[in-house]
J.: 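Below is the structure I would like to discuss, written out as structure tokens.
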Amino acid sequence: MSELWEVLSEHLPEFSSGLWVTFRLVAISFVIAMAVGILIAALRVAPVRWLNRIGGIYVETFRNVPLLVLLIIAFSGLPRAGVPVSQWVAGTACLGLYTAAYIAEALRSGVFAVGRGQIEAALSLGLSYPRTMRRIILPQAFRTVIPALGSLVIAMIKNSAIVGGSLVALPDLLKQTREVQADTFQTNEVFFWAAVGYLILTLTATLAFRYLEHRYAIRR
Amino acid sequence: MDYLIDSSNWEWLWTGNNFRFILEGFLVNLEIALIGIVFSLILGLLLALMRISKRRWISFPAGVWVDVWRNLPLILIILYLALAVPTSWRQAYADAVPGFFPEALQDELVLGALLGLVLYNSAVLCEIMRSGILSLDRGQREAAASLGLTYVQQMRFVILPQGLRRMVPATVSQLITLNKDTTLVSIIAIQEVIGRAGNVTSSAGFFGDVPAPVLQVYIVVGLLFVFVNLALSRLSRRLEIRERARTGTKIERVSGLEDQVAAESDLAR
């Protein structure tokens, strides 16, 4: 038991800096995922067929490719094609674009849940299509999909470990854990604290989204 | 863009047996996924039955167990088990693997990977199954009980057949995630598709003089996953439509508990 605390007190700087990197990685990726996700969802519900198709191809591609393969393509493949990509760009862009496909799907189902009557009413009041989306449909769609967004954020926290475990090797919690383990060989103790770190992040996200859901969600 | 479509950069694909070599690696991933899903379904069902138990000393520990494994990154679990599983277990695994299994799965390292995949996915599947069971009207259970069925009979003939049917779509999307997650075992040096793709791009031996370009090789690997996963989701949609036509009802479905929610709204509408 005392060894457990010893490992923590001796390697607290590594663990906390890893946790901070993981947090920033998830936060930046979430912003990217939201922006791209909204765009793709808008394409998928647009009343133009070829726009739907583009959105569909994006979603089916990014949802079905392993994140690890995306990371290798971005970090190792693209530089050889003459596109230099830094660690942070590769990590956040891959995690963001990957999650965007899921967010787009969640938002799309939210948009459909709003109901045709609302769109028709807004259009008949003379609002343009983009305006109808922004003012009438999306605010309601967001509130319907809060639970889905919550579980996607948790999935993102867990997937962020793949960035640190892959050759991108951002110094996130997983990467730091591996280094401390390689230093000390106290596998059980080191991984225990890594697990605690990840649980702090995922459980905080769970509680935050439970609050948002309680406060804003529309149940259908 | 020129680099991407330049035919000399695609030459590796039909040179020697590169493509076959990668394809065989991909087969290892599919096998790991298949074994993983079978054991995850069994363990997941057990955990789900424990979680819905009325006895708190059974349901509480099962709940904590599930919540912990479900909220940890899979790659962390695999890495830990690869380091921490005692040699004697691994030896026992290597001895116990049936001989008809492919060579890559005979490796004793695979034990950690499989354990990790099963621990994580059984926890996720447990939640899916539990909500499938709980979504049934309680009248079903009460009617079964009043007909004199025992608890086991109620579960076996009334509750599970209906509850589990509702979780098929969610289970398929979890299976797709599991399939993608099998690439993570490359971190503990199991020779699956990522490892083999690495071989093709790095060693000249496989390719003669020209090194295979990383970008193109991994695009091919990604496409393999897209094909298989798309086929899986199409299949599940087909099944659901057929089931709906056969029973003449709209099947309620459980969703939102896969670890990456894949809402397919065109069916829900």
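Each chain gets a letter, A, B and so on, in the order its sequence line appears, and its residues count up from 1.
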J.: Checking heavy atoms, do the side chain of B:I219, its backbone, both or neither come under 4.5 Å from chain A?
T.: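 Interface part for B:I219: both.
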J.: Within this structure, what is the CG-CG distance for the pair A:N159 and B:D181, rounded to the nearest 0.5 Å?
T.: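 The CG atom of A:N159 sits 7.5 Å away from the CG atom of B:D181.
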J.: Can you check whether B:I75's main-chain N or O pairs, donor with acceptor, with A:K158's side chain at less than 3.5 Å?
T.: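 Side chain of A:K158 to backbone of B:I75, a donor-acceptor pair under 3.5 Å: no, none is there.
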J.: Could you tell me the separation between the OG1 atom of B:T177 and the CG atom of A:L67, rounded to the nearest 0.5 Å?
T.: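 If I round to the nearest 0.5 Å, the distance is 12.0 Å.
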J.: For residues A:E60 and B:L230, determine if any side-chain heavy atom of one lies less than 4.5 Å from a side-chain heavy atom of the other.
T.: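 SC-SC contact between A:E60 and B:L230 confirmed.
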J.: How about residues 165-177 of chain A versus chain B: which residues have heavy atoms under 4.5 Å apart?
T.: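 Contacts with chain B: A:G165, A:L174.
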J.: Can you confirm whether A:Y198 sits close enough to B:N71 that some side-chain heavy atom of one is under 4.5 Å from a side-chain heavy atom of the other?
T.: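 Result no, sub-4.5 Å side-chain heavy-atom pair not found.
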J.: In terms of heavy-atom proximity below 4.5 Å to chain B, should A:L201 be classed as side chain, backbone, both, or neither?
T.: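 Neither part, no heavy atoms under 4.5 Å.
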J.: Return the option, out of A:I73, A:L70, A:T99, with the maximum number of heavy-atom pairs under 4.5 Å with chain B.
T.: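 Sorted descending by pairs with chain B, the first entry is A:I73.
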J.: When rounded to the nearest 0.5 angstrom, what is the spacing between CD1 in B:I187 and CD1 in A:I162?
T.: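 Those atoms lie 9.5 Å apart.
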J.: Chain A: which of B:V221, B:V68, B:L79 shares the most heavy-atom pairs with it under 4.5 Å?
T.: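 Answer, by heavy-atom pair count under 4.5 Å with chain A: B:L79.
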J.: Look up atom OG in A:S151 and atom CZ in B:R70, then write down how far apart they are to the nearest 0.5 Å.
T.: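 Reported value, rounded in 0.5 Å steps: 9.0 Å.
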J.: Between A:T61, A:I72, A:T187, which shows the greatest number of heavy-atom pairs under 4.5 Å with chain B?
T.: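 Option with the top pair count is A:I72.
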J.: Does the side chain of A:R80 reach to within under 4.5 Å of the side chain of B:V214, using non-hydrogen atoms?
T.: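 Yes, their side chains come closer than 4.5 Å.
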J.: Enumerate by number any residue of residues 42-51 of chain A whose heavy atoms lie under 4.5 Å from heavy atoms of chain B; in the absence of such residues, state 'none'.
T.: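 Near chain B, by residue number: none.
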J.: What is the distance from atom OG of B:S173 to atom CD of A:E105, rounded to the nearest 0.5 Å?
T.: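 The OG atom of B:S173 sits 11.0 Å away from the CD atom of A:E105.
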J.: Could you tell me which of B:Y80, B:F227, B:Y218 has the largest number of non-hydrogen atom pairs under 4.5 Å with chain A?
T.: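 Among the listed options, the one with the most contacts to chain A is B:Y80.
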J.: Compare all side-chain heavy atoms of A:N64 with those of B:F225 and state whether any distance is below 4.5 angstrom.
T.: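 Of all side-chain heavy-atom pairs linking B:F225 with A:N64, none is under 4.5 Å.
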J.: So which part of B:T182 gets closer than 4.5 Å to some heavy atom of chain A, the side chain, the backbone, both or neither?
T.: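 No part of B:T182 comes within 4.5 Å of chain A.
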J.: CG/A:L68 to CD1/B:I194 distance, rounded to the nearest 0.5 angstrom?
T.: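 So the CG of A:L68 and the CD1 of B:I194 are separated by 4.5 Å.
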J.: A side-chain contact here means heavy atoms from C-beta on lying under 4.5 Å apart; do B:L83 and A:F191 qualify?
T.: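 Yes, side chains in contact.
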